[in-house]
Amino acid sequence: MASNVLEASPSSSHTATRSFDGPIHPLARLAFLAVILIGFAYAGVSVLIDTQQVGEQLALGVFAFLALALLIALGFEFVNGFHDTANAVATVIYTNALPAHFAVIWSGFFNFLGVMLSSGAVAYSIITLLPVDLILNVGSGAGFAMIFALLFAAVLWNLATWYVGLPNSSSHTLIGSVLGVGFANQLLTSDSGGTSGVDWAQATKVLTGLWMAPLIGFGAAALLLLILRHLARNPRLMNPPEGDTPPPRGIRALLIFTCTAVSFSHGSNDGQKGMGLIMLILIGCAPTAYALNRTLPASETPAFVRSAAAARATLIAHGATSVDGSRARMVLRTALKKREVLNGRTYGAAIAVSEDLARRVASYGSLGQVPASAASNIRNDMYLVMDTTRMIAAAEKNGFADRDMAVLTDYRTRLERGTRYIPIWVKIAVALALGLGTMVGWKRIVVTVGERIGKQHMTYGMGASAELVAAGTILAADRFGLPVSTTHILSSGVAGASVASGHGLQRRTLIQLAAAWVMTLPVAMLLAGGLYWLLLMIVRSAGL
């Protein structure tokens with residue numbers, strides 16, 4: 001049986017194995033289903049309203065295709081909810097701080113709040129790993145093959161690891177899927193120069209958070225537990241619960257606070273990954289409504305034009321050569337694919353595109369007034385210049401002084417404001433999917449975290465230390481726009497706290513967790529790359 005794949009070690013001295021199989025009221029099931037249907041209907045109505053407001057009429061086939069893609073994307077967040085967020089509730093359940101079913105509802109609510117109050121900075125950090133040509137042509141057949149390959153690969157691996165009770169990271173899976181699609185796209189594109197289309201500099205930045213997460217979780221939780229042991233006045237903090245007795249009031253408040261913090265931070269970070277995927281889908285299916293941030297006021301336009309002029313002067317000062325406007329976009333596309341941007345020709349092409357972009361935006365008055373026929377072209381030009389300036393800034397020894405870099409950064413920030421935004425209804429839909437997902441399917445992962453990492457029952461201090469570290473790390477990563485893994489931080493935090501408490505670890509479980517961590521990236525890459533190739537062949541054979 002799948003539920004027995006992660007059996008406790010015979011040397012385990014946990015007091016008991018818990019059972020969470022309690023009755024669920026039929027009205028609760030109906031309410032759960034009603035919220036799902038209402039949420040999906042709300043998303044559909046919002047799309048219709050947004051497209052009608054800008055004069056874009058979606059054909060029935062396009063709308064059905066969009067609905068399917070949104071259903072799968074929200075399904076990814078739903079799976080993310082019951083796969084990852086079980087980590088947040090394991091400690092309060094195994095320390096008797098909260099009853100199991102109340103804990104998952106509590107966690108689901110704060111996951112919802114975390115998504116709603118998120119900054120949106122993480123949403124596009126993973127998307128920037130994709131090849132430029134796919135992002136610029138997200139509405140093409142290849143673009144849709146990319147989106148579905150990402151979604152199917154991420155959902156399949158998440159479900160597979162959940163089925164055997166492994167606390168795998170949804171962030172890890174999604175990043176692997178993105179890299180797999182990017183790698184496959186370059187191998188299938190003869191003029192791209194091998195894997196040059198994969199932005200390995202950005203990938204390294206994103207992956208750094210993933211490999212550091214287990215180390216941070218393990219070390220920081222162990223250190224925090226040792227500090228608590230020396231400073232805490234209540235010795236019961238270091239004791240396991242007695243039977244079903246809840247912890248003392250103060251300790252219980254601490255454990256509930258840490259559960260709340262992890263749930264909120266998980267929503268604020270992981271929820272944004274689904275937002276980024278949904279925005280790709282919306283831009284591909286309804287570019288007029290979603291390709292540009294039409295909520296920016298007209299007062300932003302003069303500042304945008306001035307910033308473009310300042311960037312132009314900076315690039316000229318660094319040796320920009322004249323490039324004909326008709327060839328400028330192709331020059332930028334080639335430079336971005338080959339990662340060769342530090343030259344006068346690329347600077348000149350960026351100037352030509354920027355001048356045309358500033359002129360057109362100024363003539364319309366604001367992005368909100370851009371006509372349907374021009375929306376996609378303006379967005380693509382913004383992306384070309386934005387990625388070029390980002391790559392210049394990331395290059396070592398680019399020759400730009402701090403003052404010049406500040407000018408380019410200001411311009412890139414204004415370009416991002418025009419293209420990177422999250423409609424409120426997208427946040428609500430993702431928040432509902434993640435929050436509702438938290439309330440189902442959590443038992444397998446909870447048992448692994450609560451019973452099968454340490455050799456003895458989790459103490460109050462162990463649970464609090466692991467979750468404080470997880471919440472703090474995730475919120476810090478959210479601040480800097482980095483995707484991190486709640487699962488990696490929390491499960492390694494439990495392991496670190498177990499070692500610091502002197503309880504020791506269950507070797508078999510640790511090997512399985514490590515295997516899942518090592519396998520996720522290559523398996524997700526293979527799944528996504530293979531699916532992308534298959535879907536691309538289908539698209540091309542259909543002439544799309």
Side-chain angles (χ1 to χ4, degrees), residues 35 39 74 76-95 97-123 125 167 169-171 209 213 216-217 220-221 224 252-276 422 424 426-440 442 445-446 449 463-494:
V35 173
L74 292 173
F76 167 76
E77 282 301 329
F78 187 85
V79 173
N80 186 1
F82 67 71
H83 193 292
D84 282 19
T85 316
N87 294 280
V89 298
T91 53
V92 289
I93 292 174
Y94 275 87
T95 55
L98 287 175
H101 290 94
F102 182 81
V104 295
I105 294 173
W106 179 272
S107 179
F109 174 73
F110 281 96
N111 264 275
F112 180 92
L113 285 184
V115 176
M116 295 303 300
L117 298 177
S118 61
S119 63
V122 178
S125 63
S169 166
S170 295
S171 302
I216 293 173
L224 182 57
R252 188 176 193 180
L254 173 63
L255 291 166
I256 293 174
F257 168 77
T258 58
C259 168
T260 303
V262 172
S263 300
F264 180 87
S265 58
H266 176 266
S268 70
N269 196 278
D270 275 46
Q272 294 188 56
K273 296 151 194 170
M275 294 180 201
I422 311 292
I424 187 64
V426 173
K427 281 192 171 187
I428 293 175
V430 170
L432 283 174
L434 190 63
L436 292 174
T438 303
M439 302 177 193
V440 301
W442 47 271
I445 308 298
V446 163
V449 174
S465 298
E467 292 208 323
L468 281 172
V469 167
T473 305
I474 296 167
L475 289 174
D478 192 26
R479 170 68 178 80
F480 292 102
L482 292 174
V484 292
S485 167
T486 302
T487 303
H488 290 164
I489 298 171
L490 198 286
S491 57
S492 60
V494 172

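This is a predicted model, so every value here is computed, not measured.
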_Using 0.5 Å steps for rounding, measure from the CZ atom of Phe76 to the CG atom of Leu434._
9.5 Å

Spell out, as yes or no, whether a donor-acceptor pair under 3.5 Å connects the side chain of [X] to the backbone of [Y].
X	Y	value
Thr473	Val469	yes
Glu467	Cys259	yes
Thr258	Leu255	yes
Glu77	Gly274	yes

Compare every heavy atom of [Y] with every heavy atom of [X], then report the nearest pair and how far apart it is.
X	Y	result
Val262	Ala470	CG2-CB, 4.0 Å
Leu432	Gly39	CD1-CA, 3.9 Å
Ala221	Ala466	CB-CA, 4.1 Å

*Could you walk me through whether Ile424 and Met116 pass the side-chain contact (heavy atoms from CB on, under 4.5 Å) check?*
CA-CA 8 Å; Ile424 187 64; Met116 295 303 300; 3.7 Å; yes

*Heavy-atom check, side chain of Phe112 versus side chain of Leu436, under 4.5 Å*: no

*With sequence neighbours excluded, tell me which residues meet side chain to side chain donor-acceptor pair (under 3.5 Å) with Ser265.*
none

*From CA spacing to verdict: side-chain hydrogen bond (donor to acceptor under 3.5 Å, both in side chains), Ser268, Ser118*: CA-CA 5 Å; Ser268 70; Ser118 61; over 6 Å; no

*Checking side chain to side chain contact (heavy atoms under 4.5 Å, CB included) against Phe109, which of Asn111, Ile105, Leu113 comes through?*
Leu113

*Between the side chains of Trp106 and Thr260, does any donor sit under 3.5 Å from an acceptor?*
yes

_Steps toward side-chain contact (heavy atoms from CB on, under 4.5 Å) verdict (Ile93, Leu98)_ = CA-CA 6 Å; Ile93 292 174; Leu98 287 175; 6.0 Å; no

